[in-house]
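To find a chain, count down the sequence lines: A is the first, B the second, and so on, and within it residues start at 1.
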Amino acid sequence: MLLLELHVGGEIIRCSNQDLSLTNPWDHYVKRFFSLRVGISQPWGGLAVPDFGEVEFSPDLVLPVAVPCRVLFTLSTEEDAQLLVEGTLHRSSISRKRNIYHLYAPERAAVTISNQAFNTSLVSVISWACDAARLNLSVDSSLARVGSPTVLYTTGTDIDLLGLIEDMAAFYHHFIRIDEQTSTLHLIDMLAATATRSIDRYDHLPSAYSWGDPVKRVISSGDPAYSITGVAYAHNEQSVNSYTSSQAGTETALGDILSCIQSGRCELRMGMDQLPPVLGEGIDWIDTRIEHPVSATIKVHTMLYNFDERTFVVEGWGEVTQ
Amino acid sequence: MKVIAGSSRHILTADSTDGNYAVDRLLDLHPSRLWRAAGNEATLSVRTSGKTGGLAIFGTNALVAIVTVTDPNLCEFGGDLEWAAGLEWAAGSADSVIKKQLVDYESGALWIEFTEFRSSVGIDITLTTAAGGKVQAGVIRVGEMMSLGNLLYDIGEGLHDHSINDEDADYYYKLDIVRTFALQAKTRTKDQFYNFMSKVIRANGAVPMAWQLVDDGSMDWIVFAKVTQMPQGSHENERHGRISANLREVL
């Protein structure tokens, strides 16, 4: 169930796309909520960023032009609700039948660094970046790779710190999720293949499977540049920034990125009668809705919440076989 | 067929409210937007102004409803005041002014008809639900009761499903299911027909209202519903007519 909190003039207006009587009433003012999407910036890692759609309200709800809001999801009570995103709704249009608002994510103030040399583990770099003097976040590395890879890199001048660690995490096949509610940065290893949720045919709807374009090679930046060979018949190459001067370290990272590019992808549709997966969660299943069943084990890299159809669309990469 | 037309509600209060489930939530058009009390028993007090012939409550979980009508014009003087000869206060009130009280606990509806008041009255409704629960209600309507003729058989009744149903995916996410009615009523032209067409439909359109759907007295339904399209009518002769209407309950 969708719970949408609107903060107006010091008061909270609680609404949803149906009338709900929970600890508080949540009134049916939301007529449509166009696809809320939260995804990782690169398939092989990076920063989880929201891609907000728009909200359509019934015209009997009068709101100011800008409305701070929180979007939550629950299966049962508002106490168990999970915060999906926090942001500001900005009015787009008013008409006889509906008032439309677009949802904007808050932006963190930019923190820049210059000429910073790193020769330590990725986890240590992240912890340094999250220090109170810089990004001011707590760090949860419980799901980061055991044996964190080594960063051997010196920055240039006026480098955006969050952009840097995001790209660094992606190079090492990790992703970063920032929980603004708890001021915590979560570092999650995309390579850890252990599934944490097994589902069956009753937990998902007809879904789609695809494979991306093959690449001739994955090549790192820097001098010297290193590369890993893909498939000879491909036309394209994939370039990535490197964060180690070690050939072995670079080639290991490039190999992981190549594996990701070559892996199968899924758009898994699930009903909203169950808890949604979280980014980085592993899911495995056998899709028997297809004539020749497909076996899949993926890590979730994008969540799309379709509140109008009461479904989630989970996008992930991993092992997909038929 | 009867409808509570317009509103004579002047003041509405409750002697108990649970948090944000305020009593004014009873005044909107949505039985699913509740007033809720802090305990299993509470009293709603309505003070009217204008013609009052009926009161209806929808969306309640009450298992018992006790209705008391009082005339708030009644009061007592202090001991050192007295009327001049020939004047006296009217007698106190009366439950005898309640003509009919119907309760449909399964659909959470209460319907009360009064001997019509033209002056203001007070109506107290004490609702009680199961011990340990919190009594609640969705909508209250009070006002003039309009009689619109008896329903004719066949009376159509069905269901409308608001759920998400993706047939291709075999996915069903259940939301609310409401009742629908397809009705015909025989009317007297000079009052009932035009009361329905003008005073009810033309004045309110598809705004949800409180209806008692009743034939000659053996079957009735109490619904908070709207017309799903503009009704039709016909004049069978200079004195009688017939109206057709489709109603759907609202949430």
Side-chain angles (χ1 to χ4, degrees), chain A residues 1-3 5-6 11-33 58-61 73 75 77-79 97 199-208 267-274 276 287-290 305-313, chain B residues 14 16-40 42 58-62 108 127 129 133-139 160-178 205-208 224 226 249-251:
Chain A
M1 297 183 285
L2 165 68
L3 305 180
E5 267 183 18
L6 307 174
E11 294 195 0
I12 298 177
I13 298 174
R14 296 178 176 85
C15 51
S16 177
N17 56 355
Q18 59 187 103
D19 284 314
L20 297 170
S21 299
L22 305 178
T23 301
N24 290 286
W26 299 77
D27 293 336
H28 184 184
Y29 288 121
V30 176
K31 294 306 173 189
R32 298 202 62 186
F33 195 126
S58 61
D60 56 339
L61 179 64
F73 176 82
L75 280 181
T77 67
E78 60 185 77
E79 288 73 21
K97 289 191 176 179
I199 62 176
D200 64 26
R201 63 166 289 151
Y202 303 107
D203 297 321
H204 70 93
L205 310 178
S207 302
E267 275 190 15
L268 179 68
R269 291 178 63 219
M270 302 171 73
M272 270 189 186
D273 48 0
Q274 58 198 303
D287 189 346
T288 56
R289 291 173 181 264
I290 296 179
Y305 301 86
N306 189 331
F307 293 109
D308 298 336
E309 292 182 7
R310 305 303 200 275
T311 58
F312 308 108
V313 179
Chain B
S16 172
T17 298
D18 180 21
N20 287 317
Y21 286 92
V23 69
D24 59 2
R25 293 171 64 80
L26 288 167
L27 304 176
D28 64 20
L29 300 174
H30 304 281
S32 55
R33 294 188 192 172
L34 304 172
W35 154 79
R36 181 184 285 170
N40 75 316
F58 298 90
T60 183
N61 62 349
L127 301 173
T129 191
K134 295 183 179 181
V135 72
Q136 61 194 29
V139 156
H160 177 84
D161 190 356
H162 289 277
S163 305
I164 308 292
N165 191 1
D166 185 338
E167 293 276 358
D168 286 341
D170 196 20
Y171 174 57
Y172 182 75
Y173 186 99
K174 186 178 180 306
L175 297 171
D176 291 286
I177 300 175
V178 299
V207 172
F224 190 66
K226 64 178 185 181
E249 279 185 306
V250 297
L251 296 173

Identify, with sequence neighbours excluded, every residue that meets ring pair (Phe, Tyr, Trp, His ring centres under 6.0 Å) alongside Tyr29(A). none

Has Glu79(A) got more than 12 heavy atoms of other residues, nucleotides or ligands less than 6.0 Å from its CD? yes

Across all chains, not counting sequence neighbours, the ring pair (Phe, Tyr, Trp, His ring centres under 6.0 Å) partners of Phe224(B) are Phe58(B)

Assert top hit (heavy-atom pairs under 4.5 Å, partner chain B, pool Leu22(A), Leu20(A), Thr311(A)) equals Leu22(A)

Among Leu251(B), Ile164(B), Leu34(B), which residue forms the greatest number of heavy-atom pairs with chain A at distances under 4.5 Å? Ile164(B)

Taking side chain as everything from C-beta outward and backbone as N, CA, C, O, which of these in His28(A) sits under 4.5 Å from a heavy atom of chain B? Side chain, backbone, both or neither. both

Residues in residues 169-178 of chain B near chain A [non-hydrogen atoms, under 4.5 Å]: Ala169(B), Tyr171(B), Tyr173(B), Leu175(B)

Does atom NZ of Lys31(A) have more than 12 heavy-atom neighbours from other groups under 6.0 Å away? yes

So for Asp166(B), is it side chain, backbone, both, or neither that comes closer than 4.5 Å to the heavy atoms of chain A? side chain

I'd like to check the ring pair (Phe, Tyr, Trp, His ring centres under 6.0 Å) partners of Tyr21(B); sequence neighbours left out, ordered by chain and number. none

Cut-off 4.5 Å, heavy atoms of chain A, and the answer for His162(B) is neither

Is any side-chain heavy atom of His30(B) closer than 4.5 Å to a side-chain heavy atom of Asp27(A)? no

Of Pro25(A), Ser21(A), Pro206(A), the largest count of non-hydrogen pairs under 4.5 angstrom with chain B goes to Pro25(A)

Could you look at Met1(A) and say if it's the side chain, the backbone, both or neither that has a heavy atom under 4.5 Å from chain B? both

